[in-house]
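Structure first, commentary second.
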Amino acid sequence: MDTNNTTIDYKKERVAYYKVLVGLLLLTAVTFIQPHLFMTESTFLAQMTIAVIKAWLIIMYYMHLKGDSLIGVMGIFSLVIVATFMVIVIGFDVANFQFGAESHITGPASAGVEHATPVQH
Amino acid sequence: MSHEYIPEIATDRDGNKHEVQGWQDDFYGGKLGFWLFMFTEVLMFGAMFMVLAYYNTLHPEAFIEASASLNRLLGGINTVILLVSALTMGLSLLKMRVGDVKGAKLMIWATILLAIAFLVIKGFEWRAEYNHGIFLMHGEMLPESGMAFGKKLFFGMYFTMTGIHGFHIIIGIGLMIWLLKRINAGKVTPAHHILHWNIALYWDIVHLIWVFVFPYYYMIGAGGVAGGH
Amino acid sequence: MSKSYFDETHTAIGHPKSTFMQWMLTVDHKRIGLMYAAVMFTFFFVAVATAFLMRLELFAPGAQFIDGDTFNQAFTLHGVIMIFLFIVPGVPAVLGNIVMPLMIGAKDVSFPRLNWFTFWLYILGCIVALASLFTDAGFADTGWTFYAPYSLTTSTNVIFTLVAAFILGMASILTGLNFLVTIHRLRAPGMTFFKMPLFVWGIYATAWIQLLATPVVGITLILAILEKYFGIGIFDPAKGGDPVLFEHLFWIYSHPAVYLMILPAFGIMSEIIPTFSRREIFGYRTIALSSASIAGIGYLVWGHHLYTSGMADTAKVIFSFLTFFVAIPTGIKFYDWVATMYKGKIILSTPMLWALGTIITFTIGGLTGVTIAMIGVDIHLQDTYYTVAHFHYAMLGGVVFLFFAGLHYWFPLVSGKMYNETHAKIAFYLQFVGFNLLWFPMFIAGYYGMPRRYFDYLPEFQIYHQVSFFGAVIFITGLIYMFVVFFKGWRNGKPSGTNPWNATTLEWHMPSSPPPLENHSKVPYVDFNPYEYHHGEPVVKFDYETMKRID
Amino acid sequence: MDVNNTLQGFNTMAATFAKDVDQAFWINFWISVILGLSVIIPMFYFAWKYREKNVKDEDIENVTHNTALEIAWTLIPTAMLMVLFYYGYTSMQVLRTMPAESESIVVHVEGKKWSWKHTYEANKNGFVHKSKELYVPKDTNIILKMTAPLNDVIHAYFVPAFRMKEDVVPGRVTKQWFHSEKLGTYDVECAEYCGTRHSDMYTKINVIPKAEYEAWFEGNSKVGPGEKEVEKSKGQELYDDNGCAGCHSIDTDATLVGPSLKGIGAKHDATYLKDAIVTPDKDVPEGFTAGVMPPFALPDADVDALVDYMTTGK
Ligand code: HEA
Ligand code: HEA
Ligand code: CUA
Ligand SMILES: [Cu+2]
């Protein structure tokens, strides 16, 4: 089991840190030009994809998870759980929101023009 | 437990010896524990992202509009600040591990400064929003204002999540100051640096959260309303 | 005589001389477990008192001696204490703390000082929870579910309760974290996952739920607080917020939480059945893995609490479908336990009586859970007493009964003494009869449409409530009786010796009774399965000085 | 409402789908009995057969596996569970598949602390019926569109005799429907906890013959069919419509949730009373807490009418 507690080569490790930083900075730059450059029809997806790549870099190199399969598996397990929550709630409940057209919170009133003060009739 | 811990030995029936892991001096255990703690953070923010996605699905246009109105320049600067601070924190741990205690302390100080800079910029952002009438319990966010539901919810979550993230940064600063004290007291040393290691991990997760908070709030509207979902 | 953990201890800070401070600052897992038990025991009287108050009030329709608001506060107090202060920390914090490290041959948990801190966090949570009883606005009247928008608009002191639930959640997370690391790191050499006793498996599965579900309710409570005091809007329909979202977030935690309660309790069952059948357990692996799969599937079924909430029908169907799959691994466990009795030698000691009693009561609780997992039927039964009866059968007739079984089972281990078996058995029968009288009529009342959280009800239902009341009297009598038996056993029971039940797992291989401070004198090497019996005798024997096998 | 209400028809099956739900329940019941006994009978049998006295230590056997049995007790219950899922699903479908609005009567339901209000669509004369109890014709589809005021809480419209229930959520519209084949009066209970008078939030569904319903619906009577119309002042009407009676008694001194309003005119002037309705938290009488009574944003004329009603009883 890799405990990351062994002796290390300072120079080599430092170079790795800088390399990752450059990568992250580049990706940040990409987030800024993306809306004007590519996947403009779905900024959201593009942005989230970039975020996932950034997160992966941080986890693997800055947080030294590379080579640690136990924690890695546990981490994936927790992510899967969060993802499942999302899929169920967003994919099944909200996607089939019932009687939305008549409801106040989703209906035409949500344009916000109508005053939202609770009114008793 | 300052005195040296000598692991116990268990002997099986064939006389082979097996080293026993005690709770004392368990570096990997300490790290594992901290990672587990970070998973709880993932779930906490995961739940908040779920709330965000919930309303995003109900009000896609309003979300993009609201996102477009955030200050991307300040958000971007803050992203870079956090990126660099993750580097300084990493370097400090690296220096600690190779025995350069002084350098490690220096790097922690650098991280603290960057963290404060982050908070200051965030403060300016919030103030500007306040002046635009967008703040909790204020102006456009009141129930009687005419702002669209989607926007209200977007900003409600924006203040909540950046607020809780900012709170994590403040905690992080506290932790780093504590770490410096422990280093000075000789409790955290190159041979025994699990605390340093875990605080570095904490700082990374604070950063990691921002990696998702930033695009979700600042960038999804960057392409204008056309760049929908 | 050698020193036991009652005589000496490690402390978190300094080296206090007074016994009292030694207890307050102790990091020893056994002492911490005992302190949890003592505190829960105190709160249990509060919760039982409120439960009894409700039963008394419901004896006849109309107001008897408390008003509606007080009744609402009573069931909230009862629910909050029972759930957050008692049953969620319950088995893990008491028996998990005391027994789990012993079972895996560890000296303590991985983070003893964190364990100490967690205990005090728990105390803090309890204090905050009960503090609002003494404020002007009074205890929350929201029910333990804190549904928005009610909890956001009521004038009672919900903030205290929300904060308390958050703190208790933190404590629960930290306990789970501590146990996970302990189980991963501190198992005795040779003890692979499939050589762990099944109670440890239960604790392990539970710890994952504590770790990965509690944060969701934590943040939900924070969001509710922010909503109430800063108006962030997410649960406020006037700003477009959706109250149903709160229900999602709440049950994302609170459903897994019910498995968090039951899994360690099932673990207790898996210890007791083989010991008192004097034979190896049937289907060790399936029991172990079913704990894991119950925990896993348990994450996906929270929506069965939302069948009538206005959630999308598609989502209901999916949740209903998934819900049924929890019953399968649970069923496998039950069949395995019963099969364990086959060709064994059944010794009906008190722990075994409790375990067998639970097989009956939890089967009823679980199968009625399956009834309300059917959407169409639950639309009728949701929020009626049928549901209330279901969860009391599951929680009281499942978790609490098994908790009691565990208390009887490990009582000699912890105290070094034996309680009076005859009296303990009488207490069991009283409670078993009382319990069924108390809750079974409620299934019928619920089926006929008696809604829950009703201070007042239609006269048709009176008969059920009255039977129930008498059940409660019998039950609580038995309960008090049982604690008297424990108390007497603790004061002047006969010394039990280290292994009074002829059990096989490691916690019964102690050098002395009660166990010494750092548990086993040496860490054993584990090259055997947890329940090895041969002709009714434990196979594995140790020399307690060196912890070498001598069989 | 006083508590001498009796729950009518809780054990009758009055709606068309009640029999589907009951069928599902009883199928479940018998499957549960079988599955439960499959655990409990062997348990008792083994506990008796292998009781301590009966077994010699040498006879104990460590049986730990039996693949055929294990597969059986996994697959058979699974199959049974799928049967249950199926019936749960189909019974839900009949409950949740709304009939076409053109072939049904649509009634709007508002649930609030602590009263129910039913509002019908306008009839031929353009008159809109509003009623506390629901009146519906036999053998007709009824759709209920339900909601609660934005500053209110969640309730649930539960009709035990029909086996139906759905939450009434502020900000959302939820629906349910029924089709009753039996004349009668059936109780409606509030099944989602909503505070002080949650257990008094009853109303009734009156299933009446079609002709009687038609006659009532097309008329302009302000009360239910068959009831004598009593002359009501505007103020009294408003008092009923807004559910004031849910919290205040006006004929007696009884304190429900808010103070009794009997003789309130003698204690306070009109300005005070107006404020008490529009901004109730301004002056809170002793023994009551702010925040319970919701503010009523009514037109001035209505507030005046209410105040008149409270002070003069007209
Ligand atoms: C310890 C706690 C505990 C446990 C273990 C369970 C177990 C289960 N529960 Fe329960 N439940 C609660 C505590 C618990 N529950 C609480 C507290 C509430 C209400 C909260 C509130 O609203 O305040 C609730 C509410 C609740 C509801 C919502 C009711 C409503 O509000 O309308 C539902 C619906 O599906 C449900 C289902 C189930 C199911 C399917 C199981 C299954 O896990 C049961 C599995 C067990 C068995 C099936 C029995 C044993 C097996 C056999 C004998 C083998 C053969 C049988 C088969 C294979 C079927 N529960
Ligand atoms: C662990 C969970 C638990 C337990 C044990 C009980 C036990 C009891 N409950 Fe409980 N009950 C709930 C959890 C529990 N309840 C919940 C969550 C609700 C819903 C609240 C809501 O609606 O919000 C509820 C609601 C509820 C109602 C419905 C209120 C309503 O809807 O109108 C009623 C009515 O009579 C009731 C009565 C009782 C009674 C008479 C007992 C008796 O059986 C009491 C006897 C007491 C015990 C059996 C205690 C067991 C021992 C201990 C707790 C401590 C031991 C500790 C050590 C030794 C270390 N309860
Ligand atoms: Cu309205 Cu309960
Ligand atoms: Cu559940």
Side-chain angles (χ1 to χ4, degrees), chain A residues 1 3-5 7-8 10 13-14 17-18 20-21 24-25 28 31-32 34-36 39-45 47-48 50-51 54-55 58-59 62-63 65 70-71 74-75 77-79 81-83 85-86 89-90 93-95 97 100 105-106 109-118, chain B residues 27-28 31-32 35-36 38-40 42-43 46-47 49-50 53-54 57-59 62 64 72 76 79-80 83-84 86-87 89-91 94-95 97-98 100 143-152 197 200-201 204-205 207-208 211-212 214-216 219-224 226-229:
Chain A
M1 203 181 294
T3 64
N4 307 127
N5 198 16
T7 37
I8 45 160
Y10 177 66
E13 295 266 330
R14 195 180 55 181
Y17 266 97
Y18 278 111
V20 175
L21 178 71
L24 289 171
L25 285 172
T28 310
T31 57
F32 273 89
Q34 176 275 330
H36 314 288
M39 283 180 78
T40 43
E41 73 291 345
S42 180
T43 309
F44 181 81
L45 263 185
Q47 291 287 340
M48 287 302 143
I50 301 172
K54 283 170 83 175
I58 295 170
I59 292 170
Y62 279 9
M63 300 169 92
L65 203 58
L70 176 64
I71 297 180
M74 289 176 171
F77 177 57
S78 13
L79 288 177
I81 287 177
V82 176
F85 293 165
M86 293 260 190
V89 174
I90 313 294
D93 185 20
V94 189
F97 197 95
I105 59 172
T106 48
S110 69
V113 206
E114 199 176 298
H115 58 116
T117 332
Chain B
F27 179 85
Y28 191 77
K31 200 175 110 182
L32 181 65
W35 269 98
L36 291 175
M38 293 198 296
F39 296 154
T40 68
V42 170
L43 267 115
F49 274 112
M50 192 173 95
Y54 188 93
T57 323
L58 292 181
H59 311 281
I64 286 175
R72 267 189 294 286
T79 307
V80 175
L83 274 176
V84 177
L87 176 84
M89 195 65 197
L91 288 181
L94 210 56
K95 284 182 195 289
R97 286 165 72 189
V98 297
D100 177 4
E144 55 268 23
S145 97
M147 191 160 75
F149 285 164
K151 286 189 169 180
K152 272 187 194 152
W197 183 285
L201 281 180
D204 284 325
I205 192 110
H207 181 193
L208 205 62
V211 163
F212 289 93
F214 172 69
Y216 209 132
M219 300 308 298
I220 57 168
H229 285 265

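Numbers restart at 1 for each chain; the letters A, B, ... are given by sequence-line order, proteins then strands.
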Closest-packed option against chain A by number of heavy-atom pairs under 4.5 Å, given B:Gly76, B:Ala86, B:Gly90:
B:Gly90
Does any non-hydrogen side-chain atom of B:Phe39 lie less than 4.5 Å from one of A:Met74?
yes
Output the distance between atom CD1 (B:Ile220) and atom CZ (A:Phe44), rounded to the nearest 0.5 Å.
6.5 Å
Measure B:Lys95 against the heavy atoms of chain A and call it side chain, backbone, both or neither at under 4.5 Å.
both
Shortest non-hydrogen pair, B:Pro215 vs A:Gln47, comes out as CB-OE1, 3.7 Å
When heavy-atom pairs shorter than 4.5 Å are enumerated against chain A, which of B:Leu208, B:Asp100, B:Val42, B:Thr57 gives the highest number?
B:Leu208
Please work out whether the ring planes of A:Phe32 and B:Phe214 are parallel, tilted or perpendicular, with thresholds of 30° and 60°.
tilted
Which bit of A:Ile58 is near chain B, if near means a heavy-atom gap under 4.5 Å: side chain, backbone, both or neither?
side chain
Against chain A, work out which of B:Leu87, B:Leu43, B:Val80 has the most heavy-atom pairs shorter than 4.5 Å and name it.
B:Leu87
Would you say that B:Phe49 contacts A:Val82 through its side chain, given a criterion of any heavy-atom pair below 4.5 Å between the two side chains?
no
To the closest 0.5 Å, what do you measure between OG1 (A:Thr28) and CE (B:Met219)?
10.0 Å
Nearest 0.5 Å please: distance from the CE atom of B:Met38 over to the CD1 atom of A:Ile59.
8.5 Å
Given the options B:Val84, B:Thr40, B:Leu91, which has more heavy-atom pairs under 4.5 Å with chain A than any of the others?
B:Leu91
Between CG on residue B:Leu83 and CG on residue A:Leu25, distance to nearest 0.5 Å:
5.0 Å
Note, B:Thr79 side chain near A:Lys54 side chain (heavy atom, < 4.5 Å)
yes
Part of A:Ile71 lying under 4.5 Å from any heavy atom of chain B:
both
Would you mind checking which part of A:Tyr62 comes under 4.5 Å of any heavy atom in chain B, side chain (CB onward), backbone (N, CA, C, O), both or neither?
both
Please state whether the side chain, the backbone, both or neither of A:Ile50 comes within less than 4.5 Å of a heavy atom of chain B.
neither
B:Met89, part contacting chain A, at a heavy-atom distance under 4.5 Å
neither
With a 4.5 angstrom heavy-atom cut-off, is it the side chain or the backbone of A:Thr31 that approaches chain B, or both, or neither?
both
